[in-house]
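Letters A, B, ... are given to chains in the order of the sequence lines, protein chains preceding strands, and every chain is numbered from 1. All values below come from the heavy atoms of this structure, side chains included, with hydrogens, waters and symmetry mates left out.
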2 protein chains.
Amino acid sequence: MSAAALFAPLAPRNREDAARPAPAELPTMYSAGAEIYAQGDRADRLYRVAFGAVRVYRLLADGRRQICAFYLPGEVFGFEVDGRHHFFAEAACASGIAAIRQVSSDEASREHLESALRSLVRAQEHLLVVGRQNALERIAAFLVDMAERQGDLAQFDLPMSRSDIGDYLGLTIETVSRVFSKLRAQGVIRLLGIRSVEMAKPGVLRALCE
Amino acid sequence: MSAAALFAPLAPRNREDAARPAPAELPTMYSAGAEIYAQGDRADRLYRVAFGAVRVYRLLADGRRQICAFYLPGEVFGFEVDGRHHFFAEAACASGIAAIRQVSSDEASREHLESALRSLVRAQEHLLVVGRQNALERIAAFLVDMAERQGDLAQFDLPMSRSDIGDYLGLTIETVSRVFSKLRAQGVIRLLGIRSVEMAKPGVLRALCE
DNA sequence: CGAACGCTTGAGCAAATTCAAGTGCGGTGG
DNA sequence: CCACCGCACTTGAATTTGCTCAAGCGTTCG
């Protein structure tokens with residue numbers, strides 16, 4: 001986050017600026033909320049998160065939003081069908097993102113297939129969380145997932161707002177906040193900062209996900 | 001469904017029987033509820049639905065179930081990561097399913113990548129329905145999707161039980177039933193049979209999905 | 001210092017679930 | 001052929017979970 005702050009003034013204001021410099025694997029800086037691509041955009045490349053976090057989402061006509069996935073450092077996103085993006089992608093916080101030219105080498109395309117399939121499994125697993133778990137279980141699953149994807153340490157960051165978490169889990173920000181408070185009151189988690197969490201009782205959290 | 005009834009006595013009782021005959025593209029018969037593969041199974045092939053319908057799902061420890069996807073005739077499923085299935089697949093009704101040997105020809109693998117990406121888009125779109133729409137909107141979205149995938153005719157089949165629909169949409173069977181009744185009472189749909197629907201006012205249904 | 005924003009907390013409310021009957025249909029057996 | 005049984009579905013009433021609306025808090029930034 002401090003690195004992000006350093007780079008922030010250089011961040012592109014919008015997608016046009018960002019689309020320009022794509023020399024293979026050099027990360028481009030995006031400030032929090034900056035658009036990476038929009039639904040309907042032509043798609044000709046994949047992206048890899050260098051640092052920060054990306055939210056991929058979809059909207060209903062009245063503004064309701066569902067975040068389908070977060071992508072964290074090292075992860076690849078931006079798959080499309082029929083050459084068009086079907087979702088929006090934005091930086092969830094100040095982030096560095098490298099464009100990957102679509103190469104047709106066997107090795108690279110197999111790697112991309114792997115990434116796409118991993119996203120598919122993740123999305124379908126997430127469907128179970130959103131479709132069948134209650135608020136407490138959803139938050140627990142989210143925290144466990146975030147921890148595992150950041151090296152499975154007891155302490156880790158939440159590189160997104162409560163509103164993003166709500167829209168990812170199909171909850172309101174109020175419910176997210178209440179569940180965080182409840183878990184903190186029970187000593188299951190500690191909030192070191194508003195976006196920094198320590199899992200005090202990982203066993204309890206994991207049990208909640210079943 | 002009548003064809004299904006004819007074949008039903010030949011259907012395999014379980015996965016072992018079904019796994020046997022896989023000469024390229026000849027469909028194997030599965031009776032309603034028959035398992036195609038289980039979570040954790042080794043995966044070495046894809047499947048294409050010839051007729052009927054397949055449900056792909058996941059379970060929580062206490063038995064709660066989330067159906068991640070239905071696959072209808074012509075559609076391909078069975079993608080895996082790390083050579084293992086991460087979900088269960090069963091016939092939702094009497095069905096014919098052809099195994100596809102994993103071929104490494106460029107053309108075939110690109111086709112499979114396409115199928116996998118289409119599943120990914122579908123799963124992420126479904127996340128929006130389950131995470132952010134109410135019961136009425138979910139059923140409407142489901143009906144519109146089913147109609148479109150069966151040729152977009154006014155009249156079409158629901159090749160699965162209310163319980164399957166509920167577990168797909170993250171609702172109870174009671175809520176599914178109530179919403180069907182409400183739509184019928186409002187003249188938006190007609191129920192020709194318990195599993196046969198006619199969209200009387202497609203515009204209303206589509207508007208509900210936004 | 002004040003405004004804005006993101007987050008938290010509380011109270012009342014609404015939507016969907018749970019629990020409980022009841023209905024209808026297909027299949028089986030008398 | 002008809003009665004009965006089982007199962008899937010429907011309907012109703014009470015309950016609960018999470019949402020809406022509203023106010024308050026704390027930090028950041030101008």
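Distance CD (Glu174(B)) to P (dC19(C)): 10 Å, rounded to an integer number of Å. Atoms CD1 (Ile173(B)) and C1' (dT17(C)) sit 12 Å apart, rounded to a whole Å. If you take CG of Asp167(B) and P of dT17(C), they are 11 Å apart, rounded to a whole angstrom. Rounded to an integer number of Å, the gap from CG of Asn134(B) to P of dT17(C) is 11 Å. In this structure, the CD1 atom of Ile194(B) is 9 Å from the C1' atom of dC25(C), given to the nearest Å. The distance from atom CD of Glu137(B) to atom C1' of dA15(C) is 12 Å, rounded to the nearest whole Å. Computed from coordinates, the Arg184(A) CZ to dC7(C) P distance equals 14 Å when rounded to whole Å. One can place CZ of Arg162(A) at 14 Å from C1' of dC5(C), the figure rounded to the nearest angstrom.
Taking the charged nitrogens against the carboxylate oxygens, Asp82(B) and Arg84(B) have no contact shorter than 4.0 Å, which rules out a salt bridge. Taking the charged nitrogens against the carboxylate oxygens, Glu174(A) and Arg162(A) have no contact shorter than 4.0 Å, which rules out a salt bridge. Using a 4.0 Å cut-off between charged nitrogen and carboxylate oxygen, Arg58(A) and Glu125(B) count as a salt-bridge pair. Arg132(A) has no carboxylate O lying under 4.0 Å from a charged side-chain N of Glu137(A), or vice versa, which leaves the two without a salt bridge.
Of the options Tyr37(B), Tyr71(B), Phe79(B), a ring pair (Phe, Tyr, Trp, His ring centres under 6.0 Å) to Tyr47(B) is made by Tyr37(B) and by none of the others.
Among the heavy atoms of the strands lying under 4.0 Å from Gly170(A) are primed sugar atoms or P, OP1, OP2 only; no base atom is included. Across all strands, Ser181(B) comes closer than 4.0 Å only to sugar-phosphate atoms, never to a base (heavy-atom distances). Heavy atoms of Gly193(B) sit nowhere under 4.0 angstrom from any nucleic acid atom. Contacts of Ser161(A) with the nucleic acid, taken as non-hydrogen atoms under 4.0 Å apart, involve only primed sugar atoms and P, OP1 or OP2.
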List the steps, then state whether side chain to side chain donor-acceptor pair (under 3.5 Å) holds for Gln66(A) with Tyr168(A). CA-CA 6 Å; Gln66(A) 176 67 43; Tyr168(A) 178 63; over 6 Å; no
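Side-chain contact annotation: Glu90(B) with Tyr30(B), donor-acceptor N/O pair under 3.5 Å absent.
Regarding contacts with the backbone of dT8(C), every side-chain N or O of Arg178(A) stays at 4.0 angstrom or more from both OP1 and OP2.
Along DNA chain D, the stretch of nucleotides lying under 4.0 Å from any heavy atom of chain B spans, 5' to 3', dC9(D) to dA13(D).
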